[in-house]
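For reference, the structure is listed below as C-alpha cells.
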Amino acid sequence: MMPTSGFETIVPFHPSADQTASSARRTSDLFAQYQLEIHRRTDRLFAALMVFQWIAGVVFGFWVCALAWYGTTSRTHLHVWAAVFVGGAICLLPALLGTLRPGYTSTRYTIAVAQMLMGALLIHLTGGRIETHFHVFGSLAFLACYRDWRVLIPATIVVAGDHLLRGVFWPQSVYGVLAASQWRWLEHAAWVVFEDVILIVSCRRSIAEMKDTAERTAALEQEVRTRQQAENVAALTAAVGLALTRGNELQPMLQECAEALERRLQGGLARIWTLDECGATLELQASAGTCNQFDAHHARVAVGAFTIGAVAQSSEPLLMHAADVHLPMGDAGWAERTGLITFAGYPLLLDAKLVGVMAMFAPRAFSSSALDAMAAVADALALGIDRTHAERELARYTTDLEVAHKTEREHAAHLVTLVDQLRMTQRRAEEATRAKSDFLAGMSHELRTPLNAIILYSELLQEEAEENPPHSSVADLQRIQLAGKHLLELINGILDLSKIEAGKMTLALEPFDVRAMIHELIDTVGPLVQKNGNTLTVHCADDLGTMSADLMKTRQILLNLLGNAAKFTEGGAITVDVALDAIGSRRAVRFAVRDTGVGMTREQTGKIFEPFTQADVTTTRKYGGTGLGLAIVSRFCRLMGGDVSVDSRPDQGSCFTVRLPVDVVDTGMDSVSADAA
Amino acid sequence: MATVLIVEDNEPSRDALARRLQRRGHHPLLAIDGNQGLSVARALTPDLILMDLGLPGIDGWEATRQLKNDPETRHIPIIVLSAHAMTTDRDVALAAGADDFDTKPVQFQRLLGKIEVLLAKGIAR
C-alpha cells in the first residue's frame, strides 16, 4: 500500500491534523449544543417559575392578609396590590422572553435580574421577614441550573444593590427592623458570596463535566465514523477486487470500479483513464458521480497536459485543492460551485510502468484510510488493466496463431499435394525408365537373334569357302561378319551405358596385382597394336603392388584406351605408364596411355566422353568403332571413384590418363549380384 | 564325337549352329520347342544340350528344371544360350540347374571351349 507521505504535494488539510481539528470542532459544537439545551430548558423553567411565583405570592398575600384594617373599615392591603402589579410587571418580560426567546444570553440575564427583583419584592412585601431571604438563596440555586456562573453576577449585583439601597433608606423593609445593625448588610452579603462561590465552583465543575462528555461523545462519533470508513474501504476493496477479477471487458469493469470508488468513499466524482498503446494519450474509460456531463472534455487527455496529464507524466500521486486543479474544460469556478474541495490523482503503475490514471474529487478532505484505500485501488486497477491488456494481446496472438496454423495447414496440404504429384512424376519417370530398360532389353534380344544367325552363317560360309576355292566370296563374307560384330559391340555398349544411367551397373570388387593385370592386357592387345606398325612400351613403377577394384571393368577401360591408341596411330609409338598417384587424400593408381597418332583439337577433346560423339563424323567412317567406348570408359572410372582425362593436339598424338583408387569402395547403388559376366 | 541336342525355335540359328557343330565332328539333334526338347532328351539321351530360353510352350527355364529333376536326364550337361544379355538371366538359368550359360550371338570358339570342358567333365565322372 502506498504510504500517505508519498504525495508530491502535502496539502494544508493534512488528514491527521484535519482529523484533530475536526474532532475539537465537533467537541465544541457538541458542548455548545448541550449548553444551549440547558439554557433553553432553564429559560422555560424560569418562565413558568416566575409566573408561578407571582400567582403564588398574590394568592399567599390574599390568604395571609387580604384585608388591612383601618379601624372598622378594611380594604385590600396596599401590598397585595403591589404584589399583583409590581410582581406582574417584574415577571412579565422574563416570562415572555423565556417562552419566546429561550436560549439567548439576554433572556438568561433578564431572567436572573427579574428573579432577584422578585426576591427583593417578596422580602419587601413581607416586611423584611428573615425567612423570605431564603428566596434569594433559592433563586441563586435555581439560577445555577443554567450552569453559567456569569448569570450569578447580575443576580448578585441586584441583591447587593437592593440591600444597599433599601438598607440605607428603608432598612425595615430589608431586615424587618427599623434600625438594623451597621454590619447587617455585610452578614447578608457574606452569605450570598458564600453561596455564589459554592455555586460558581459547582457550575464550573458541571461545565467541565459537560465538556468532558462532549469530548467523549465527539470521540465516539469519530470512532463510529472511522469504523464506517473502514467498512466502506473494505466494501470498496471487495467491489473493486470482484469487478477486476470477474470482468472481461475493460470499460464495464472500470466503470464498476469508478462507481464503487464514488459510492464507498463518498467522493463527488471518480474517473479512470487508461494509457493508449502509443503511451501518449490517456483515454477516459469510466466516470461516476455528479459531474459526468463534462466527460466529453476529458475523453482524451495528452500525457503532460492538465493536472491529469501531469499525474501521468510524473507517475506520482497528487493531492490538492479541487480549486487548483487544471481542467481541460477551463472552468475555474467549477469546483466551488459543485462544492467539491479535494482532488486526489493516482497514477496506475505496474512495475513502474504507467497503464492509466485514476482521479477523484470529494466534497471534503480525504481521511488517511480513504487515501490508503485509493492507493490500493490504484494498484489493483493497474493489475486489472494489465490483465485485460494481456488477455487482449493473448486473444490477438491466438488469432494470429490460428491464422498461422491455418496457413501452415494449407501449406502442408499443398506440400502433400506437391509430394503426391512428385511421387506420381517419379513413378511415371520410373515407369518410363523401366519401359526404356525393358525396351532396350527387348530390342537387344530381338537384334541378337538375327545377328546370331548372320554371324554363324557368315562364319560357316567362310569356313566352307576357305576349304573349297575359289575364295572370291571370302572377303564379302568377312565384311558381313565384321558388320555383325560391330552391331554386337554397339548393342553391348548401349546396354552398358543404359545400365550405368539407370544406376543398375554394379561393381564386382576384388584384389588383383596391377603389374600382372597390365602384362596380361598387353598380351591380348599386342597383335592389334602391331597391326598398324606401332611399337608398344610399358613402364610400371616398382611399388605398384595390388589394388582392389572391378577387374573386368578396369580391363575394359584400358583395353578401350589401348585399342583407340592403336587404331588412331600408324607407324608410331604407344606407351603405357603405370604409377601410384592420389585422388584428393585417397591413394590411386594412374594409368597413362600415350600415342603419337592423329591427335585431336581442343574442341574435339571437349566432347569425346559423351556417347556417339567421336572426334569427327568422318572418324567413324575412317576408323570404325561404336562411338560409345570413351563414354563407357568415363562412366566406369566415375563408378569406381576415379576419373579420366585427355591431353591432345592435332597431329601430335594423345595422352589419356585414368586414375583409379587403390581401394575402390562400392558406393552401393544396386549391388544385388556381382556382375561377373 | 558327341551327340549335342540343340533346342532352338529360330530356324536359321538352329540350322547354322547345327551345321557348324557337325563340321567340328559333333552329331547334332534338333528340337524346335520345349516339349520336343524334353521328349528328344528323354528318348535319345544326348551327351549335351544347348538350350534356348525363349521357347514356345514349355520355355527353356522350365525344360531345364524338368530335365535336371528327372533322374534319367539329370546327368546331361546343359548350356543355356540366351539372347537376353542381362545378368539376371544367367542367374535364373543357373538356378534352374543349367551347367553353363552363354549369350547370343554365339561366339562359336568360346562355345566350343565350354562344350569341351563339360564333355570332359562328363567323361571324367
Side-chain angles (χ1 to χ4, degrees), chain A residues 434 437-468 477 480-499 502 504-508 550 552 670-677, chain B residues 4 6-26 28 30 32-33 50-56 59-61 79-95 98 100-115:
Chain A
R434 196 161 44 241
S437 238
D438 290 351
F439 169 75
L440 275 169
M443 192 188 70
S444 158
H445 179 266
E446 291 309 309
L447 288 171
R448 278 166 199 275
T449 306
L451 260 179
N452 192 39
I454 291 168
I455 292 170
L456 282 175
Y457 272 122
S458 60
E459 284 174 356
L460 180 66
L461 286 173
Q462 267 185 72
E463 282 172 12
E464 285 173 352
E466 277 163 8
E467 284 167 15
N468 308 305
L477 289 170
I480 296 172
Q481 189 198 358
L482 272 177
K485 281 191 169 168
H486 180 218
L487 201 53
L488 182 59
E489 269 173 51
L490 258 177
I491 292 165
N492 284 333
I494 288 172
L495 214 57
D496 277 351
L497 268 181
S498 87
K499 269 195 218 170
K504 284 181 181 167
M505 184 60 86
T506 53
L507 292 174
D550 188 319
M552 293 291 288
D670 286 337
S671 50
V672 185
S673 59
D675 184 2
Chain B
V4 178
I6 302 168
V7 188
E8 168 68 83
D9 64 325
N10 183 255
E11 200 274 329
S13 290
R14 193 172 61 233
D15 179 61
L17 193 56
R19 282 168 62 189
R20 295 202 70 187
L21 283 173
Q22 214 163 16
R23 285 180 59 80
R24 298 295 163 137
H26 295 296
L30 303 178
I32 61 165
D33 58 29
L50 297 175
M51 178 78 78
D52 184 28
L53 284 178
L55 294 169
D59 66 22
W61 292 287
I79 299 174
V80 165
L81 297 177
S82 171
H84 296 279
M86 312 300 273
T87 48
T88 46
D89 295 336
R90 173 196 168 88
D91 294 339
V92 173
L94 293 181
D100 210 337
F101 178 91
D102 214 337
T103 55
K104 289 196 273 190
V106 170
Q107 289 187 23
F108 193 67
Q109 291 304 325
R110 193 169 70 190
L111 181 62
L112 275 182
K114 287 184 176 180
I115 289 171

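Quick note: numbers below take in every heavy atom, side chains included, and nothing from hydrogens, waters or symmetry partners. To find a chain, count down the sequence lines: A is the first, B the second, and so on, and within it residues start at 1.
Interatomic distance, Asp9(B) CG to Thr449(A) OG1, rounded to the nearest 0.5 Å: 8.0 Å.
For the side chain to side chain contact (heavy atoms under 4.5 Å, CB included) with Ser13(B), the qualifying choice from Ile455(A), Asn452(A), Leu451(A) is Asn452(A), the only one to do so.
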Per-pair distances, 0.1 Å, donor-acceptor, side chain in residues 108-115 of chain B, under 3.5 Å, sequence neighbours excluded:
unit_1	atom_1	unit_2	atom_2	d
Arg110(B)	NE	Asp102(B)	OD2	3.4
Arg110(B)	NH2	Asp102(B)	OD1	2.7
Lys114(B)	NZ	Phe101(B)	O	2.9

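The pair Arg23(B)-Glu459(A) does not count as a salt bridge, with every side-chain nitrogen at least 4.0 angstrom from each carboxylate oxygen.
With a threshold of 4.5 angstrom between heavy atoms, Leu460(A) approaches chain B through its backbone and through its side chain. Arg20(B) touches chain A through backbone and side chain together, each having a heavy atom under 4.5 Å away.
Arg19(B) places none of its side-chain heavy atoms less than 4.5 Å from the side chain of Glu463(A).
Minimum heavy-atom separation, Ala83(B) to Arg448(A): O-CD, 2.8 Å.
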